[in-house]
Amino acid sequence: MKLKHAKAGAMALALAGLMIAGCGRGPMAQAPLRAATGPRSLSTDDLLARTFALADADGDGRLSRAESGLERDMAAALDEDRDGAISAAEFGQRRPAWLIRARMPAFAPLMRATFAQVDHDRDGAVGPGEAAMALGALDGKGQPLLDADERARFGRHDRDADRALDAGEFTGFYLELGAGGDLQAEGFLGRLGGALIGGYLRLTGQLAAHRAMHPPREPLKTTPKAHGFDYEDVAFVAEDGIKLSAWYIPATKPTTQTLVLVHGFQTNRALWFNQGQVQMLAGRYNLVMPDLRNHGQSGGSLTTYAYYEHLDVRAAVKYAKARGATSIGLAGQSLGAASVIRAAAFEPDVKAVFEDAGYANMIFAWQGGISSVGVPLPAMIAASALAIANAQLGIDLRDAEPIAMIDRMAPIPLMLVHGQDDPFIFVDHVRSLHTAYKGPKELWICPRALHGDSATTDAAGYRERFVRHFATHM
């Protein structure tokens, strides 16, 4: 009997290990839903081969993109010989990180969190367009698209035929895409594995939430003078009382045109010199360059992903007006991009917005950052972290998501720029933002660029768009 229990315990631990085996690196896990659509992650050569065989529905020894369940970009990355399919050797050599799914109580709150994220319009149901966005499926024009198999699955779970999935229907749709087969865990082993994974997700979610809200500050190591620009150290106060430090750089010739340049996460105002954007402007505009709260030399102890940071941008706009600006443009990168979009929704006097390497949805952005460090189950950690952060902050960070705010800034002209190979904020984010915005807009996806380095990857292409956008609309 003791031996039997020992074997059962060992099997439970092994199962739990398998359940947390995936890494979700790079652009493969576009969303919690898409992250669950492929075969499960297996940790040994034998089990990896078994996964390949299970996915190879037609038994031809190759995986089509439909069989693999991969995003187009990831399928192309695995398809080294460019024959349109993934061979067993390509599959095994690259070891794609699949997420293992199981029907167990531990996933119930995470399922609810995922449903809430996918339900963009918050009407309590997920329509085909929302499901397609969650799957990362867009056509060549950036419009949501479900393939035939996904449409069939969607229809099967739409039991009341209202062309939308409520929470219960969505759960079935989700599980059919990601769970199933003989790797499902139920009963005693499932409960034990679920408890282990639940503890893992609570712990890692707590750590991820703390790191997201309390990033280490990047010290300020330069000044505009070091780059040949006259400047003033200035300060102003956001509406909620946070004191902000900034640089004010006057144009070479007096002008009432002013740009507010807003840096990204875990950087500071020096970003715009380090990447050369200030030099691209060649002294033609007055510049206000603030440190966002909890960054650089500004006050504050929390980062809230544009929920409050938009107040920092608006304080900079107010300061620019006090200095005589009558025509104001906003430029932001990453967190700064989200902040300027939200700020522009409340500042109708803004003439133009330049968005660089921004995200569309909070949970997908966090998932990208979490997956970059190679931890298991990044999509689920992101859902857990977001729920924890919201509880600790007493707000809903989704209220500040660019995808929810962007159309409110219409008709301000918008330039969207993104690195094609961004490993943190996947390129689907900018495509979704471009689709959602109904005002004047232009999109440039910079080939080979990573996160926030389009300005250095293709300096000439970036300069042309950066300078032209403000010259045209200011």
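- Formation of a donor-acceptor pair under 3.5 Å by the K441 side chain with backbone atoms of H434 is found in this model.
- The environment of CG in D230 is sparse: at most 12 heavy-atom neighbours from other residues, nucleotides or ligands sit within 6.0 Å.
- Two residues are said to be in side-chain contact when any heavy atoms from C-beta on lie closer than 4.5 Å; V313 and E347 fail this criterion.
- Of the possible polar contacts, one joining the Q275 side chain to the G452 backbone as a donor-acceptor pair under 3.5 Å is found.
- When each of R293, K318, R342 is tested with D312 by the rule salt bridge (charged side-chain N to carboxylate O under 4.0 Å, His left out), just one qualifies, namely R293.
- With ring centers used as reference points, Y305 lies under 6.0 Å from W366.
- When the shell of 6.0 Å around NE2 of H214 is examined, it contains more than 12 heavy atoms from other residues, nucleotides or ligands.
- The side-chain heavy atoms of P128 and R151, taken from C-beta on, include no pair separated by under 4.5 Å.
- Listed by first then second residue, pairs satisfying ring-ring contact (aromatic ring centres under 6.0 Å, His included) with a partner in residues 320-347 read H310-F346, not counting sequence neighbours.
- With hydrogens and angles disregarded, a donor-acceptor distance shorter than 3.5 Å links the side chain of H418 to the backbone of I425.
- Between P423 and L450, some side-chain heavy-atom pair lies under the 4.5 Å cut-off.
- Between the CG atom of L386 and the CD1 atom of I381 there is a distance of 13.5 Å, given to the nearest 0.5 Å.
- Interatomic distance, I249 CD1 to L259 CG, rounded to the nearest 0.5 Å: 11.0 Å.
- The environment of R448 atom CZ is sparse: at most 12 non-hydrogen atoms of other residues, nucleotides or ligands sit within 6.0 angstrom.
- Donor-acceptor pairing under 3.5 Å is lacking for the side chains of N268 and H295.
- The shortest distance between side-chain heavy atoms of Y308 and I395 falls below 4.5 Å.
- H263 places no side-chain N or O within 3.5 Å of a backbone atom of A270 that could act as its donor or acceptor partner.
- With rounding to the nearest 0.5 angstrom, the CD1 atom of I242 is 9.0 Å from the OG atom of S298.
- Put simply, the side chain of V278 does not reach to within 4.5 Å of the side chain of H227, judged on heavy atoms.
- Using modelled atom types, no side-chain atom of T258 and backbone atom of A325 make a donor-acceptor pair closer than 3.5 Å.
- Taking 4.5 Å as the limit, every side-chain heavy atom of D349 sits out of range of all side-chain heavy atoms of I328.
- There is a side-chain donor-acceptor pair under 3.5 Å between N294 and T303.
- Taking the side chain as every heavy atom from C-beta outward, R431 and I445 approach each other to under 4.5 Å.
- Using a 4.5 Å heavy-atom threshold, the side chains of Q206 and Q392 count as touching.
- Salt bridge annotation for D291-R269: present, with a cationic side-chain nitrogen under 4.0 angstrom from a carboxylate oxygen.
- By the neighbour-count criterion of 12 heavy atoms within 6.0 Å, atom CZ of R323 is densely surrounded, having more than that number from other residues, nucleotides or ligands.
- The ring of F354 has its center closer than 6.0 angstrom to the ring center of Y462.
- In this structure, H429 and F426 have tilted ring planes: the angle between them lies in the 30° to 60° band.
- Between the side chain of E309 and the main chain of T304, a donor-acceptor pair closer than 3.5 Å is present.
- Residues passing the ring pair (Phe, Tyr, Trp, His ring centres under 6.0 Å) test with Y285: none are found, sequence neighbours excluded.
- In terms of the ring pair (Phe, Tyr, Trp, His ring centres under 6.0 Å) criterion, W272 has no residue partners (sequence neighbours excluded).
- One distance of note links CG of N286 with OG1 of T256; it measures 8.0 Å at 0.5 Å rounding.
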Intermediate values then yes/no, side chain to side chain donor-acceptor pair (under 3.5 Å), Q257 and R284 = CA-CA 8 Å; Q257 294 184 327; R284 68 187 71 189; over 6 Å; no
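- Remark: K438 NZ is packed, more than 12 non-hydrogen atoms of other residues, nucleotides or ligands lying under 6.0 Å away.
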